[in-house]
Trainee: 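Have a look at this one.
Just so it is clear, the structure is predicted and the values come from calculations on it, not from any experiment. Heavy-atom basis, side chains included; hydrogens, waters and symmetry copies ignored. Each ligand, and each atom within it, is numbered from 1 in the order the structure gives.
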Amino acid sequence: MFKKTILLSVASLMVLLISACGDNGETQSEATPVAVQTAKLETPSEVVTERSLGVIDAAKDYHSLSNPDQVRVTHIALDLTVDFDQKVMRGTAAIDYKKINSTAQILILDTNDLTINKVTSGGQELSFKLQSGDSFLGSALEITLPESDARLVIDYATSPQASGVQWLTPVQTAGGKQPFLFTQAQATHARSFIPLQDSPQVRVTYEAVIRTPKELLAVMSASNDPDTKRDGVYEFNMPQAVPSYLIALAVGDLEFKAMGERTGVYAEPSVLEAAAAEFEDTESMLISTEKAYGPYSWDRYDLLILPPSFPFGGMENPRLSFITPTVIAGDKSLVSLIAHELAHSWSGNAVTNATWRDLWLNEGFTTYLTYRIMENVYGTDRFKMEAVLGYQDLEQDLNTLDAGDQILAIDLRGRDPDDVFSNIPYEKGALFLREIEHKIGRDNFDVFLRNYFEKFAFQSITTDQFLEHLKGTLLVDHADKLSIKRINQWVFEAGIPEAAPKPSSDAFSIVDVARTNWLAGKLSADAIETEKWTVHQWLYFLNNMPEAMSDANMTALDAAFDLTNSKNNEIAHSWLLMSVVNWYEPALPRLHEYLTSIGRNKLVKPLYRELSKTAEGKALGRKAFEQAKPGYHPLTVKANEGFMK
Ligand code: BES
Ligand code: ZN
């Protein structure tokens, strides 16, 4: 996609800088004059692509139609009724705002598939215009502001097809008796259930009254009272300003169980005990992260276990991470997901990416922190295994993605961020930070991170702002060990720089030996000593098999280890993928069952992609997809329907 990278001329760089940031460190698109000498940036943050989109404005959010540079929303008060029969939410969003430009008369909000009934202020109707829609950006809602600058109240309803809401019927839940609803706002889906400025550089406080059938419980990414009366009217308050993608709601037959002083879990009753046992180390993770990176800012840290259709592994909704049930393995083998979502409380929820181009600031820092938390809580051996597996995921993406999509500060203009999800911001971002750690020493880097989280807390920052910060800190203090040239290479170029850190694990060496000997016919499958193998060793064993496997070898592995029936969803995924590639028929009924019972995109998408490559695969895939589709989340449908056409 990117054929050439051209450095910006100094003149255009200055224009860009001038619009990049204000003097308080907050991102602002509004032109704020800054001293010209700061334009001596060496950061080639702009590339000219063959798509001729021109220079990237680093501070501009290309994924919002709203106008926070003119008028900025500061607080949202929701009063919504959840109607499971119609699959809609109806009610009001009261909006407080401040004028950045004192002469501004129009507030522009993002919406997608919303019906806007009326907009009032102090009881007076205001005129508004809902522009026609765009495929993923939605429709701009332009409201003519009242002279008084008073609070606006928008009367609206969501659509049953809202991209950020999933409505589940009782049979799609664990309990089977009550319906369930959950929202997933990241990256651009908050606008499908709230009219707001749907940009990560706009932070709002919020409050909500959520009205539900009275046997159900509502929870939000806000203050949740575990002892609240179950009466169908639930009140929430989020006093800390958060970006829109962190506003979240779930409603269902939920119960709560405490895990520690500040940590607990919400889940359907039949899942609650298993979840609380699986994630019992959450409190230790929290304490360990605070010790290294400073106090936890969000009061409680609870988990919400979603039904299996949840399209992600986890989502870091503040105070209440949303978690897939597919990681409840019975042996804590997949709990790094919890470390990850918890780590976002620092990297992401406190310090937030200003635009989706800067996602790596959220996910790369969080992935780095995840490894550190796992090392602290579970030891170095486990961390090393997980780091190797993460590195291999990265290598796979580097082998398949276009050069442009291998860049940390990615150009997403004109593209739906959902379509560009990869390991690059995660694992390449983490590796970049690991290199800095290795070069300057762990203690120094921890001090840097702690200060970074403190300095930028509750702000949304761009990649350029981060690099400016590096230039004023580590690049001065460790000028002998770090160079801006190398850092720019990490951030603005494809691939991994030469001589980057490469994780390794002794625990995997014995697995390599076993695999090699078995493949060479020197060892039969049942003679491999696997009794003490961890889930990670199994994943490494399977993921590094040759692409083409004989039927005899697939059969031998399955006979020795019953992989087709593995209860671990990650092991089952690796095995089923091998089974599709090699068309190992005994595993195909299990594949159908897997695809129709799990909606987590990371687990199902590679299977559909592989199935789409042959006629027989496509037939099997289509059957599963059609059966599963009514229960899949809109994002999972969107990500996979192309393969099954
Ligand atoms: N915030 C992400 C999920 C996300 C990213 C949603 C971008 C929409 C757009 C979450 O923290 C995450 O990274 N989840 C991963 C967890 C994994 C890397 C441990 C997932 O769901 O697989
Ligand atoms: Zn994440």
Trainee: Parallel, tilted or perpendicular: which fits the ring planes of Phe421 and Tyr426, with parallel below 30° and perpendicular above 60°?
Mentor: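 If you compare the ring of Phe421 with that of Tyr426, the planes turn out perpendicular.
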Trainee: If you measure from each heavy atom of Phe421 to ligand 1, is any distance below 4.0 Å?
Mentor: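 Judged by the 4.0 Å heavy-atom criterion, Phe421 does count as contacting ligand 1.
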Trainee: Taking the ring of Phe322 and the ring of Phe182, is the distance between their centroids below 6.0 Å?
Mentor: no
Trainee: How close does the nearest protein non-hydrogen atom get to atom 17 (C) of ligand 1, and which residue and atom is it?
Mentor: Leu337 CD1, 4.1 Å
Trainee: For residues Phe448 and His469, establish whether the separation of their ring centroids is below 6.0 Å.
Mentor: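 Between His469 and Phe448, which both carry aromatic rings, the centre distance is below 6.0 Å.
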Trainee: Using a strict cut-off of 4.0 Å, indicate which atoms of ligand 1 neighbour a heavy atom of Met315.
Mentor: 1 (N)
Trainee: Output the list of atoms in ligand 1 that are nearer than 4.0 Å to some heavy atom of Arg600, sorted by atom number.
Mentor: 22 (O)
Trainee: For ligand 1, which atoms, with element, lie under 4.0 Å from some heavy atom of His344?
Mentor: 11 (O)
Trainee: If we only count N/O pairs under 3.5 Å, is Lys602 in contact with ligand 1?
Mentor: no
Trainee: Looking only at N/O atoms, are Glu363 and ligand 1 under 3.5 Å apart anywhere?
Mentor: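 Yes.
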Trainee: State whether the number of non-hydrogen atoms from other residues, nucleotides or ligands found under 6.0 Å of Glu290 atom CD is greater than 12.
Mentor: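 Correct, the count exceeds 12.
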Trainee: Which of the atoms of ligand 1 are close to Glu316, meaning less than 4.0 Å from one of its heavy atoms?
Mentor: 1 (N), 2 (C), 10 (C), 11 (O)
Trainee: side-chain contact (heavy atoms from CB on, under 4.5 Å) with Phe310: which of Gln166, Arg600, His633, Gln184?
Mentor: Gln184
Trainee: Could you tell me the residue and atom name of the protein heavy atom closest to atom 20 (C) of ligand 1, and the distance to it rounded to 0.1 Å?
Mentor: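 Of the protein heavy atoms, Gly313 N, 3.4 Å lies nearest.
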Trainee: Measure from the ring center of Tyr368 to the ring center of Trp360 and say whether it is less than 6.0 Å.
Mentor: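 Here the rings of Trp360 and Tyr368 have centres that are no less than 6.0 Å from each other.
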Trainee: Is there a donor-acceptor contact under 3.5 Å from the side chain of Asn362 to the main chain of Asp358?
Mentor: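 Not at all, since once roles are kept as given, no pair shorter than 3.5 Å links the two residues.
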Trainee: Suppose we only allow N, O or S atoms; which atom of Glu363 ends up nearest to the Zn ion (ligand 2)?
Mentor: OE1
Trainee: So which heavy atom in the protein is nearest atom 10 (C) of ligand 1, and how far is it from that ligand atom?
Mentor: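 In this structure, atom 10 (C) of ligand 1 has Gly314 O, 3.2 Å as its nearest protein heavy atom.
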Trainee: Is it the case that more than 12 heavy atoms not belonging to Gln396 sit under 6.0 Å from its CD atom?
Mentor: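 Open.
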Trainee: Looking at atom 11 (O) of ligand 1, what's its closest protein heavy atom, distance included?
Mentor: Glu341 OE1, 2.8 Å
Trainee: For atom 4 (C) of ligand 1, what's the nearest protein heavy-atom neighbour? Residue, atom name and distance, please.
Mentor: Gln186 OE1, 3.1 Å
Trainee: For this output row, return yes or no: ring centroids of Tyr452 and Phe365 closer than 6.0 angstrom.
Mentor: yes
Trainee: Check each of Tyr426, Trp356, Phe312 against atom 12 (C) of ligand 1 and report the one with the nearest heavy atom.
Mentor: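 The residue whose heavy atom sits nearest atom 12 (C) of ligand 1 is Tyr426.
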